[in-house]
Structures are given as C-alpha cells and as structure tokens.
Amino acid sequence: QVQLVESGGGLVQAGGSLRLSCAASGRPVSTYNMGWYRQAPGKDDEFVADIDWTGGSTIYADSVKGRFTISRDNAKNTLYLQMNSLKPEDTAIYSCNARAAESGDSGDYTTIYWGQGTQVTVSS
C-alpha cells in the first residue's frame, strides 16, 4: 500500500506562487508514474499535470501550461507542483496520484493511489 499526503496549499493573491508537495510512504514510488488533479467547487475533477517515473516526460493541461511545473525527487519519494502566475480560476482542491503497474493471475492491471488533497485559494 502507498499513502500520499499533499501539503503546501493555502491562500495567495493572483499573480503569486505556491509549491505543492506530495509525500509518499509505505513503499517507494520511484517506478510509478504520478500526477496532479484538481477539483474546483461545483466542477468535475480536472487533469493538471503528469510525470513519468523517470521524471523525463511531463504533460500539462493547456490551462496551466507555461505557469505550472511538475517534478519529482525519487530519493525523497516526493512529487511537486510549482505553481506560478496563479489566477483565481486555479482555486481548487489539488490531489496527487501514483499509478503502479502490477501483474496478477488475471493479467496486468494498474493500481491508482490518491492523496486527500490540499486546498489552493487564489484571491483576485
């Protein structure tokens, strides 16, 4: 089992920056692809960014491209999201996930672990 705990959220003015962290425990996540999602009030979950297990490949939602940077430190078992030039529309609960490719009697499957989330509020 993997436990994920997000931190770093808070209240910031528009144009400001925050750095979110997602600390993993229970087992190393160095071979897991990981990502960030967010959910704004009254809206569905929205993909934010993703990073492969090497850290060499990243993907971003168009809405955050150029402003957010996803990274990871496998030695610390931690995922990060640097958020710059924040906008009020970035206000949401941000959650991280870790995806483990596994094999069983019925074949290959993916186990997805989620954190509880951290609130980010951007004031105008």
Side-chain angles (χ1 to χ4, degrees):
Q1 288 292 327
V2 173
Q3 294 78 42
L4 302 175
V5 178
E6 301 92 340
S7 62
L11 174 64
V12 64
Q13 288 189 330
S17 298
L18 284 174
R19 188 195 195 201
L20 305 184
S21 298
C22 170
S25 61
R27 67 169 73 163
V29 294
S30 57
T31 59
Y32 298 178
N33 295 335
M34 300 184 74
W36 289 95
Y37 277 72
R38 66 187 181 185
Q39 186 171 30
K43 295 188 176 181
D44 294 334
D45 281 349
E46 177 188 17
F47 166 77
V48 175
D50 205 80
I51 189 167
D52 76 340
W53 67 276
T54 70
S57 179
T58 57
I59 304 171
Y60 297 92
D62 287 344
S63 59
V64 307
K65 202 172 294 183
R67 300 187 297 123
F68 291 9
T69 302
I70 189 171
S71 63
R72 64 190 299 163
D73 185 336
N74 285 339
K76 295 183 178 179
N77 232 24
T78 302
L79 175 72
Y80 302 100
L81 185 68
Q82 177 67 44
M83 306 187 296
N84 299 328
S85 302
L86 282 162
K87 304 175 181 179
E89 52 263 45
D90 294 319
T91 295
I93 297 174
Y94 286 71
S95 301
C96 63
N97 71 47
R99 306 183 304 279
E102 300 183 291
S103 296
D105 292 340
S106 55
D108 297 335
Y109 60 95
T110 299
T111 299
I112 304 176
Y113 302 96
W114 286 95
Q116 297 277 24
T118 185
Q119 176 71 48
V120 171
T121 302
V122 184
S123 63
S124 57

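Nothing here was measured: the structure is a model prediction, and the numbers come from that model.
- Distance alone, capped at 3.5 Å, is enough to place a donor-acceptor pair between the D52 side chain and the S57 backbone.
- Residues L18 and Y94 fall within the same hydrophobic cluster, defined by Ile, Leu, Val, Met, Phe, Trp and Tyr side chains chained together at heavy-atom separations under 4.5 Å.
- For Q116 (side chain) and E6 (main-chain N/O), no donor-acceptor pair under 3.5 Å exists by modelled atom type.
- Of the possible donor and acceptor atoms, none in the side chain of Q3 sits under 3.5 Å from a partner among the backbone N and O of A24.
- Of the possible donor and acceptor atoms, none in the side chain of S30 sits under 3.5 Å from a partner among the backbone N and O of N74.
- The two atoms that bring R38 and A92 nearest to each other are CB-CB, 3.8 Å, heavy atoms only.
- No continuous path of hydrophobic side-chain contacts links Y37 to V5 [ILVMFWY only; heavy atoms under 4.5 Å].
- By the ring pair (Phe, Tyr, Trp, His ring centres under 6.0 Å) test, Y80 is found to be paired with no residue, residues two or more places apart in sequence or in another chain being considered.
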Notebook entry, point to check: Given the rule in the side chain to side chain contact (heavy atoms under 4.5 Å, CB included) test, do T69 and Y60 qualify, once you have shown the distances and angles that lead to the verdict?
Noted result: CA-CA 8 Å; T69 302; Y60 297 92; 3.8 Å; yes

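- Looking at N84, its side chain never comes within 3.5 Å of a backbone N or O of S17 through a donor-acceptor pair.
- A donor-acceptor pair shorter than 3.5 Å can be found between the side chains of Y32 and R27.
- If you check the side chains of D73 and T78, you find no donor sitting under 3.5 Å from an acceptor.
- Listed here is the closest heavy atom pair of S103 and D108: OG-OD1, 2.7 Å.
- For F47 and W36, the distance between ring centers is not under 6.0 angstrom.
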Next item on the list: Could you walk me through whether L81 and R19 pass side chain to side chain contact (heavy atoms under 4.5 Å, CB included), step by step?
Entry: CA-CA 6 Å; L81 185 68; R19 188 195 195 201; over 6 Å; no

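- Inspection of the E102 and T111 side chains reveals an N or O donor paired with an N or O acceptor under 3.5 Å.
- A continuous path of ILVMFWY side-chain contacts below 4.5 Å connects I112 to I59, so both sit in one hydrophobic cluster.
- Here the shortest heavy-atom pairing between R72 and N33 reads NH1-CA, 4.2 Å.
- I93 and F68 are members of different hydrophobic clusters when ILVMFWY side chains are connected at heavy-atom separations under 4.5 Å.
- Judged purely by atom type and a 3.5 angstrom limit, T121 has no side-chain atom pairing as donor or acceptor with the backbone of L11.
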